[in-house]
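Here the structure is laid out as structure tokens; the discussion comes afterwards.
Being a predicted model, the structure only gives us computed values, none of them experimental. Letters A, B, ... mirror the listed sequences (proteins, then strands); counts begin at 1.
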Amino acid sequence: MKYTLENTIECLLLVSDEPLSLINIIKILDDNSISKKQIEKAIDNLNQEYKNKAIHISKVASGYRYQAKNGLEGYIAKLKDKGTNKFSKAFLETIAIIAYKQPVTRGDIEEIRGIAVNSNIIRTLIELEWIKVVGHKESPGKPELFGTTTKFLDYFNKNKLSDLPEISDVDSI
Amino acid sequence: MKYTLENTIECLLLVSDEPLSLINIIKILDDNSISKKQIEKAIDNLNQEYKNKAIHISKVASGYRYQAKNGLEGYIAKLKDKGTNKFSKAFLETIAIIAYKQPVTRGDIEEIRGIAVNSNIIRTLIELEWIKVVGHKESPGKPELFGTTTKFLDYFNKNKLSDLPEISDVDSI
Amino acid sequence: MMLIKLWDLILNNITAIYNGKTISDIPEDLFIPPEHLRVILEEFEGPLDLLLYLIKKQNIDITDLPILPITEQYMQYISIMEEMQFELAADYLVMASTLAEIKSKLLLPVESESEEEEDPRANLIKRLLEYQKYKNASEQIDDMSRNYRDFFVVSNAIDVKKSKIIEVPDIKIDQLKNAFADVLKRAEIFSTHNIIAETLSVRERMTSILSKLEGKENIEFIKLFNMEEGRLGVIVTFLALLELVKESLVDIIQNESMSKIYITIK
């Protein structure tokens, strides 16, 4: 290898569109002598090196990715020309039900919300790869069961489903 | 500033989807005491720091951007092998939005699709010469405005943009 | 008349968001244009959401849901929506009949022989609480830090040289049109923008004006017009210019009155 493991991983993570898991990295390197541990160690070393830098490697549900540290939001916001990422209430309620009650069918969502599910919302969630079909319910018509994906967690900077805020039963309004 | 000029520029260039010119960077930093020379020097320092790394900052027509050095092509190819998205829905929607809503910025496209624009798609569209930069929006960071080209119309065998099929009842969709 | 009834419903404390502004405390004499009312009505995510609102507004203890007044208010609301020819989802009517059914059950004399007769309201109360639970969850999700708003991901930061010759995709014109129609449908989900179909010729002209200006200091106003295009062409160019000014992409400059007008890139 022309570069150190650290430098190689740094480059791969920066080139990638998506977070890379340890397994992804091992597959790309295609070298049996490199263990997961070594890669984890290399990532630690990189983060050590970045101590004073404004970037770092962060671990989310689907793997490792670079993120900006706090402190430059003002500049980055100017750079990004972003929309405000506001979601409609219907969208948020739908994803909340799927996230917290998965696996759920469309019918389950309708039952809770008391109103027909907007197919565009389901389609968007599938295209965003925030949800996927995880199976079919054993009932007439074999409706699809939806669950959330690691990409959904990535978007919110979470590692696993249990990192989502806890919700409790409601007994008064 | 919480970070050194070097670390700030490093972060901005990495977060940006597009190359940044010296003027872009100065605008973003919004600090009259920083000169072009200082920024050039900081970029030099960064490249000095990257001497053994697999990445470096390189100057292209529209500004500075990170590039991979030689030596990791094999790995990068595997990483990018996941399909160029050329026939994907994202590709189609991106070109459709540019065609029908031009001139648009990346931010506009993201806002309409609700999903981050894949830089590879924009690059492919530019390489195909289906779109080009037609100007810059007067907002911080001066984001590029994209419009379609005659080559795009040629491909669809049309003379002018208004020959594209009309989306008549948009409101009722 | 219709407005007054609605007034009752909205005045208390509904905080409907219209164009990002809260319109909760509107002076009483202010006329609310129908399209604003529509926005207020659209704030409800379904019959359960409407019921929750009515219950909250009256500070009712949900475990002792007074079906009669709630049903009346609910029906009142539905009739306003119908009067306004608001496209009422069938689910609202289903709820109306559920309420009516519960009401009639409550009016029936209690038959003592059936032990442990369930309260007819129990199921509805359970659904309301369940819905409130997920409404809370959706607000929590909305508050979570998210990419591009609260933190920034570095993705695809490095340019990689394309070695292969690019392959031209095979796209039919209808696919393009359908893709755009799809995207517009989807855009409704992200609530921050309104998309209006504009005539393509104006959009095209905007692009061509910008292209003409690219790299130049300015262009004389009159040179942008091609008289061979006739009246329509002139109008299209003019509209495109106005649109460019509106989007702050160009400036129109005239140094003194009656002198030449120039267009510059901003």
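Residue A:Ser168 touches chain C through its backbone alone, counting heavy-atom pairs closer than 4.5 Å. In this structure, the portions of C:Tyr134 lying under 4.5 Å from any heavy atom of chain A include both its backbone and its side chain. Within the 4.5 angstrom heavy-atom criterion, only side-chain atoms of C:Asp49, from C-beta onward, approach chain A. Interface residue A:Glu111: backbone and side-chain heavy atoms are both found under 4.5 Å from chain C. Using a 4.5 Å cut-off between heavy atoms, A:Arg65 contacts chain C through its side chain alone, with no backbone atom that close. For A:Lys158, the part sitting under 4.5 Å from any heavy atom of chain C is the side chain, from C-beta outward, and nothing else. Contact of C:Ile62 with chain A is made through the side chain alone, with heavy-atom distances under 4.5 Å.
Within 6.0 Å of the CG atom in A:Asn32, the count of heavy atoms belonging to other residues, nucleotides or ligands does not exceed 12. For A:Lys69, the NZ atom sits in a packed shell: over 12 heavy atoms of surrounding residues, nucleotides or ligands are nearer than 6.0 Å.
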Evaluate A:Tyr100 against C:Lys133 for side-chain contact (heavy atoms from CB on, under 4.5 Å), listing each step before the verdict. CA-CA 10 Å; A:Tyr100 284 97; C:Lys133 174 176 157 187; over 6 Å; no
Set out, in order, the CA-CA distance, both residues' side-chain angles and the distance that settles side-chain contact (heavy atoms from CB on, under 4.5 Å) for C:Tyr92 and A:Ile115, then state yes or no. CA-CA 8 Å; C:Tyr92 281 94; A:Ile115 194 150; 4.1 Å; yes
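If you tally non-hydrogen atom pairs under 4.5 Å between each of A:Glu110, A:Arg123, A:Glu73, A:Lys101 and chain C, the highest count goes to A:Lys101.
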